[in-house]
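Everything below concerns the one structure shown next.
In this chain, residues are counted from 1 in sequence order. This structure is a prediction, so every number in the text was calculated from the model and none was measured.
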Amino acid sequence: MSVTLDIRLKRANKVYHEGEAVTGVIVLVCKEALQHHGISLSMEGLVNLQLSSKSVGVFEAFYNSVKPIQLISSNIEVAKAGKIPGGKTEIPFEFPLLTKGNKILYETYHGVFVNIQYTLRCDMKRSLLAKDLTRNCEFIVHCQPQKAKVVPTPVNFTITPDTLQNNRERNVLPKFLIRGHLDATNCVISQPLTGEVVVENSDVAIKSIELQLVRVETCGCAEGYARDATEIQNIQIAEGDVCHGLPIPIYMVFPRLFTCPTLETTNFKVEFEVNVVIVLHDDHLITENFPLKLCRV
């Protein structure tokens, strides 16, 4: 006999803050009356840490101790053993979003080596012959906005062959002068990163100008720390040999779930950077890196 189990949250965006109640309904649809041995709902918040393959040998002791950090864990009984009538049944629930002890609810974040996730899980126990039913539903936690006002810190930059740091072939590089600015490196996560870039002159034609958003994830303990940078998104802001002296706008929206307010704890860190990348026609890559501090206001 077919039966479907679903969890539906009241909020369409599934975003909650600490102290609020996560509310919704458990939806059961079956053709005929259904016998069950109890329905329970559990809420869990976990930080999953993992090391990149290049760090495994270095931190062998630590590698075995990367256990998930539990932020929240609670369970409620939604319905005692009994019978559910045929058709559609909706069972409402309300779950307070509260931590145990002095734990902090970090913001939901889907990374490569750090993953912060909050889920609701509904379990319906059935007789031995019938399979138990389980349904998971992720909801999103936003950290409490900070009260202080974020003061934008504009950053001006000038890129020439002489300003490049990791450059062993300075003599063979073509001459170029690129200026620009970022309106702020202290960024509000719900607002775009803005600024502009101007190609004053370049001996070699420009192929492309790109913005690269990078996450820097650090996992570790007393034995040592593993720090890994991975790309989140890459946006092309100019293609081809752009007009010299023309301001090109920089505009990048921070993607939901793949970014979170800059986070630093004893076991892990999540930081962000942006690279302005200029690709020349001879495939030389010119990169200028800017650390960002993200916050929610």
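Using a 4.5 Å cut-off on side-chain heavy atoms (C-beta onward), T259 and I232 make contact. In this structure the side chain of I189 reaches within 4.5 angstrom of the side chain of P261, judged on heavy atoms. Residues F139 and V15 are not in side-chain contact: their nearest non-hydrogen atoms beyond the backbone lie 4.5 Å or more apart.
With R179 contributing its side chain and V198 its backbone, the two residues share no donor-acceptor pair below 3.5 Å. Judged purely by atom type and a 3.5 angstrom limit, E264 has no side-chain atom pairing as donor or acceptor with the backbone of K269. A side-chain donor-acceptor contact under 3.5 Å links T108 to the backbone of V141. Using a distance-only test at 3.5 Å, with no hydrogens or angles considered, no donor-acceptor pair links the side chain of K293 to the main chain of T262. Without hydrogens or angle criteria, D123 side chain to S40 main chain gives no donor-acceptor distance under 3.5 Å.
The hydrophobic cluster containing I116 does not contain I140, counting ILVMFWY residues as joined when their side-chain heavy atoms lie under 4.5 angstrom apart, directly or transitively. A chain of hydrophobic side-chain contacts below 4.5 Å, direct or via other Ile, Leu, Val, Met, Phe, Trp or Tyr residues, connects V274 to V155. Cluster annotation: V242 is connected to I235 through the hydrophobic network of ILVMFWY side chains, with a link wherever side-chain heavy atoms come within less than 4.5 Å. Cluster membership for V25 and L28, using ILVMFWY side-chain heavy atoms within less than 4.5 angstrom, is not shared. Transitive grouping of hydrophobic side chains (ILVMFWY, heavy atoms separated by less than 4.5 Å) brings I278 and I237 into a common cluster.
The CG atom of L182 sits 5.5 Å away from the CG atom of L193 when rounded to the nearest 0.5 Å. Atoms CG and CG, on N267 and L49 in that order, are 6.5 Å from each other to the nearest 0.5 Å. In this structure, the separation between CG on L120 and CD1 on I26 is 9.0 Å, given to the nearest 0.5 Å. The distance from the OG1 atom of T194 to the CE atom of M252 is 12.0 Å, given to the nearest 0.5 Å. If you take CG on L280 and CG on D203, they are separated by 10.0 Å, rounding to the nearest 0.5 Å. Remark: I72 CD1 to I104 CD1 distance equals 13.5 Å, nearest 0.5 Å.
Applying the side-chain contact (heavy atoms from CB on, under 4.5 Å) rule to L98 yields the partners P96; only residues at least two apart in sequence or on another chain are considered.
Using bins of under 30°, 30° to 60° and over 60° for the plane-to-plane angle, the ring pair F258/H110 lands in the perpendicular bin. Classified by interplanar angle (parallel below 30°, tilted 30° to 60°, perpendicular above 60°), the ring pair F157/F290 is tilted.
Pairs of residues two or more places apart, or lying in two chains, that qualify as side chain to side chain donor-acceptor pair (under 3.5 Å) and include a residue from residues 12-30 are R11-E20.
Pairing each heavy atom of L97 with each of L105, the nearest pair is CG-CD1, 3.8 Å.
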**Request:** Please lay out, stage by stage, how Y106 and C143 fare under the test side chain to side chain contact (heavy atoms under 4.5 Å, CB included).
**Result:** CA-CA 6 Å; Y106 305 122; C143 61; over 6 Å; no
For residues 205-220, please give each side-chain donor-acceptor pair under 3.5 Å, one per line with the distance, not counting sequence neighbours.
residue : atom : partner : partner atom : Å
K207    : NZ   : D283    : OD1          : 2.9
S208    : OG   : E210    : OE2          : 3.0
S208    : OG   : Q236    : NE2          : 2.9
Q212    : OE1  : N275    : ND2          : 2.8
Q212    : NE2  : E231    : OE1          : 2.7
R215    : NE   : T230    : OG1          : 2.9
E217    : OE1  : V112    : N            : 3.4
E217    : OE1  : F113    : N            : 2.9
E217    : OE2  : Y109    : OH           : 2.6
E217    : OE2  : V112    : N            : 3.2

